[in-house]
Amino acid sequence: EVLKNVASVKSHPLMARFPKARVITSTFENVSAVWADEAQLPVVTQELADTWIWGTGSDPVKVAQMRAMHRLRTACEDAHEPRCVFSDPAYFNFSRQIQKNLEHTWGVSVTHYGNLQNSNWTNAEFHADLEEKNTDLEYMVQSWIEQRNYGVNFPLEALKAKAHPLAAKIDAEFAAMKPKVPSMPPAGMKPVPVTGGILTGLGGWADVGFDSKTGAITHLARSKASVDDGTGSSSSSSKASIAGPNNPLLLVRYQVLVESDFDAWRSEYILPGAGGFNEYGKPEGFMTGADGKPIQGCLAAGTLTDAFVADDKTSLLLGLRFDEKLHTEFGAPSSAWMQVNFNPEQAGEVTASLTLVNKTATRLPESAWVTNTPIGSAEGNWSMDKLGGAVSPLDVAVGASRGLHNILTGVNFTKAGDTVFFGSSDAGVVRWDTPLPFPTPLHRQPDLSFGQSWMLFNNVRLSLSLSLSLS
């Protein structure tokens, strides 16, 4: 196998660019020794973000469960729980197996599509092939199930086999992730006009407005009463909204990608002559829609259909509906619910939960986003939580992923001395620049005027998107 790999490297077209190169096998120690004898290598202190990160969005359920397991595992060790130590066989086995989630391959390679690589791309054809249990598609589906088993289910079983207390906490977290579609009318809430306006005193401290078309938050400021200093006066700066009509928060959008999007990505990402175009994107076969015409790209927000406020004014519930064509011919959910909670015990704390309902399984290229663009996004300072350290999106090495990043807890936005934290428990990939599920830009700096976007899911390789609902 080693000799076969060496022969493959020697015959690769890229070798023509390095005519004096010799291909040999060696050890890391030998290579390090050669480096030590050479001139001092440059020291790189900038973030070296992984450019293969775009695959992460292809199974959002697995990502959310993985993040939950890691959070609970860390909390267990921080609390010095007696069985959260490597000397405990169940905990050691669990910790060993969750390392499988580091694997960057999501699903099997494109060759497993067989004759379907360049055909049957419409939803009608795809769903019919699934219904008939096409063997190639069945194999693909099983590969995704296998990934979840190795990364999530088997590690959890290792804990349960020895009655480890961490298993019950993980199960509870998983149960809380299950999508919950509110009943109509929602209990303990009353409808408010979808035409907009400002709702005052939510949580006892917030004035909130939302866009009458998209449901995004377009006004979020502390109520006058909540910032009164006790003398009857208040600071105007502390009441200023961090959102506006052109600077929305919690904007939910579904995206359809087309060949020009992939061409721009490939031109920056793939070296000339390296090949692999069918691994980075989709073949031209997907370019025709159900009507026989080329598909059209879009980045489309849902349409606001319902709005409710809790009787105790601690939460706001917004209902969205997506374009019917995006739902039936592409992969958009039929609807979505965004619940925004305003903590009455902690002024300034807002949490939100998004549920996507009845997402369509599709082979067509897609992604979905929740975007936050606070006022002053371009002028303020942004930072990302990378393994517990603050990293600026403008301090990323050339050639690394400047557009997509995995984060631990969230991102900070600071302007004029005020800091806003945008966190995410389930979605772990943040996008800078215009929403696209690619690591680009790799060379120029990202345009931070677009704010930050959470990637909910994507389907940008020759793979299939599983039908799912997300919370």
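The model shown is predicted, which means the values in this text are computed figures rather than measured ones.
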The side chain to side chain contact (heavy atoms under 4.5 Å, CB included) partners of Asp306 (sequence neighbours excluded) come to Phe308, Trp337

Across all chains, not counting sequence neighbours, the side chain to side chain donor-acceptor pair (under 3.5 Å) partners of Lys386 are Glu47, His405

Residues passing the side chain to side chain donor-acceptor pair (under 3.5 Å) test with Asp129, sequence neighbours excluded, are Asn120

side-chain hydrogen bond (donor to acceptor under 3.5 Å, both in side chains) pairs touching residues 368-378, sequence neighbours excluded, are Arg253-Thr371, Gln255-Trp369, Ser367-Trp369, Thr371-Ser453, Asn372-Gln452

Ile295 and Leu257 have their tightest heavy-atom pair at CD1-O, 3.8 Å

Contacts of Thr27 meeting side chain to side chain donor-acceptor pair (under 3.5 Å) (sequence neighbours excluded), chain-then-number -> Asn30

Separation between CG (Leu354) and CG (Leu320), nearest 0.5 Å, reads 8.0 Å

| Tell me, do His219 and Asp207 make a side-chain contact under 4.5 Å, heavy atoms counted? | yes

Taken in chain and number order and not counting sequence neighbours, the residues that satisfy ring-ring contact (aromatic ring centres under 6.0 Å, His included) with Phe421 are none

Those residues at least two apart in sequence (or on a different chain) that pass side chain to side chain donor-acceptor pair (under 3.5 Å) with Thr195 are none

Taken in chain and number order and not counting sequence neighbours, the residues that satisfy side chain to side chain contact (heavy atoms under 4.5 Å, CB included) with Pro439 are Thr51, Trp54, Trp265, Tyr269, Ser401, Leu442

Residue pairs passing the ring-ring contact (aromatic ring centres under 6.0 Å, His included) test with at least one member in residues 4-25, sequence neighbours excluded, are none

With sequence neighbours left out, the residues meeting side chain to side chain contact (heavy atoms under 4.5 Å, CB included) with Ser383 are Ala390, Asn412

Sequence neighbours excluded, the answer for side chain to side chain contact (heavy atoms under 4.5 Å, CB included) partners of Phe174 is Gln65, Ala68, Met69, Val152, Leu156, Ile170, Met177

Glu173 bridged to Arg67 by N-O distance under 4.0 Å: no

On a heavy-atom basis, the closest approach of Met455 and Ala427 is O-CB, 3.7 Å

**Q.** Within 45° cone of Phe154 ring axis and under 6.0 Å: Lys100 NZ or CZ
**A.** no

Nearest heavy-atom contact between Ser425 and Arg71 is O-NH1, 2.9 Å

Closest non-hydrogen contact found for Lys325 with Asp323 is N-OD2, 3.0 Å

ring-ring contact (aromatic ring centres under 6.0 Å, His included) filter on Trp454, not counting sequence neighbours, yields none

